[in-house]
Amino acid sequence: ASTLSTSNAGPRLLPATATLRVPVADLRVTKSRSPAGTWTPGMAVTYTIVATNNGPDDAVAAPLVDDVPARLGSVTWSCAPAAACSPASGSGNAVAPAVTLASGATVTLTVNAVVDPGAVETVTNTVTVGESANARDPNLVNNTAVDGAPTVPVTLSRVAVERRGRLLRVLWSTETEVGNVGFNLVGVRGTETMPLNGELIPGALDSLGPKAYAFDVEDPGVEAVLVE
């Protein structure tokens with residue numbers, strides 16, 4: 001008798017491993033403002049916001065959000081190139097287009113607004129570019145830009161002093177006044193200062209137009225006059 005041995009041992013399949021690469025897009029945003037420096041109530045301002053994709057991968061539909069503060073009104077905005085922004089323009093304080101950026105590409109968001117005539121505090125505006133729908137952002141430190149500008153309640157356009165015999169006449173004009181209850185005049189002689197008015201000289205309170213003032217006082221021999 002013979003024994004027939006059979007074997008069904010075929011090729012052995014070894015476990016396979018695969019690495020799934022997650023797209024990465026480092027998004028960055030910057031913001032500038034014109035005019036720079038201090039604001040006056042009622043003036044027009046423009047923000048220029050630039051979002052950049054530092055790569056290495058493309059970014060699809062990343063939210064570019066500029067939540068414009070309530071102290072800025074009449075807000076209109078546009079995003080360029082328009083093909084990279086959805087939507088490409090709009091109005092109102094909620095500015096939030098979704099932007100699609102190839103690696104190395106930029107978009108520019110321009111926001112125009114008018115400072116509230118009643119604004120007397122620092123107006124702060126913050127813009128953020130968030131992670132895109134398809135890629136991870138490895139660096140969130142550069143995703144936010146902040147701009148803050150103080151407003152000036154009173155803008156002086158002219159100060160002049162005239163001597164009339166024993167009297168000193170102080171003349172001054174303002175371009176804007178917000179919440180201004182009044183003025184004080186201070187005389188300067190060398191290193192010495194002295195008040196020239198006994199009571200507060202009434203201001204216009206709120207005015208976006210020019211105002212002129214005059215005040216007469218007995219001349220104490222001052223060299224200069226400060227309007228406060």
Side-chain angles (χ1 to χ4, degrees), residues 26-54 62-82 84-85 87-99 101 104-130 137 139-160 172-180 183 203-212 224 226-228:
D26 178 18
L27 301 179
R28 174 173 61 92
V29 69
T30 61
K31 170 185 280 188
S32 61
R33 171 175 44 86
S34 178
T38 304
W39 288 348
T40 55
M43 76 184 300
V45 296
T46 298
Y47 291 102
T48 301
I49 298 159
V50 178
T52 303
N53 180 6
N54 291 334
L64 181 58
V65 180
D66 186 14
D67 192 10
V68 181
R71 282 300 197 183
L72 298 177
S74 303
V75 178
T76 60
W77 59 272
S78 61
C79 185
C85 311
S89 63
S91 61
N93 290 54
V95 181
V99 297
L101 294 166
T106 65
V107 295
T108 300
L109 179 63
T110 303
V111 180
N112 298 299
V114 176
V115 182
D116 189 326
V120 295
E121 72 278 21
T122 296
V123 179
T124 301
N125 190 358
T126 301
V127 62
T128 301
V129 60
D137 192 331
N139 178 19
L140 299 180
V141 175
N142 58 3
N143 288 50
T144 299
V146 180
D147 177 88
T151 54
V152 179
V154 178
T155 305
L156 286 171
S157 59
R158 173 179 178 265
V159 178
W172 70 99
S173 301
T174 62
E175 292 182 358
T176 59
E177 297 181 44
V178 178
N180 180 34
F183 300 90
L205 194 59
D206 293 310
S207 173
L208 293 182
K211 296 289 183 180
L226 304 177
V227 179
E228 300 180 339

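If you read the sequence from its start, that first residue is 1, and numbering goes on from there.
- Here the side chains of Leu156 and Ser173 are not in contact, with every heavy-atom distance at 4.5 Å or above.
- Atom-to-atom distance recorded for Arg158:CZ and Thr174:OG1 is 12.0 Å, nearest 0.5 angstrom.
- Within the structure, no pair that satisfies the salt bridge (Lys or Arg N to Asp or Glu O under 4.0 Å) test touches residues 39-51, not counting sequence neighbours.
- With Asn93 contributing its side chain and Val75 its backbone, the two residues share no donor-acceptor pair below 3.5 Å.
- Side chain of Asp137 to main chain of Leu27: a donor-acceptor pair is present (N/O by atom type, distance under 3.5 Å, no hydrogens or angles).
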Can I get a per-line list of side-chain donor-acceptor pairs under 3.5 Å for residues 41-49, giving both atom names and the distance, sequence neighbours left out?
{"residue": "Thr46", "atom": "OG1", "partner": "Asn112", "partner atom": "OD1", "Å": "2.8"}

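- Under the side chain to side chain donor-acceptor pair (under 3.5 Å) criterion, Thr52 pairs with no residue, sequence neighbours left out.
- For the salt bridge (Lys or Arg N to Asp or Glu O under 4.0 Å) condition, the pairs that include at least one residue of residues 31-54, sequence neighbours left out, are Lys31-Asp66, Arg33-Asp147.
- The two residues Trp77 and Ala88 come nearest to each other via the heavy atoms CZ3-C, 3.8 Å.
- Nearest approach of Leu101 to Ala51, heavy atoms of both residues: CD1-O, 4.0 Å.
- With sequence neighbours left out, Asp67 forms a side-chain contact (heavy atoms from CB on, under 4.5 Å) with no residue at all.
- The one candidate from Leu64, Val50, Asn142 that meets the side-chain contact (heavy atoms from CB on, under 4.5 Å) condition with Val29 is Leu64.
- Across every non-hydrogen atom of Pro87 and Pro97, the tightest pair is O-CB, 3.4 Å.
- For Thr126, the side-chain contact (heavy atoms from CB on, under 4.5 Å) criterion is met by Thr124, Thr128, Thr144, Val146, not counting sequence neighbours.
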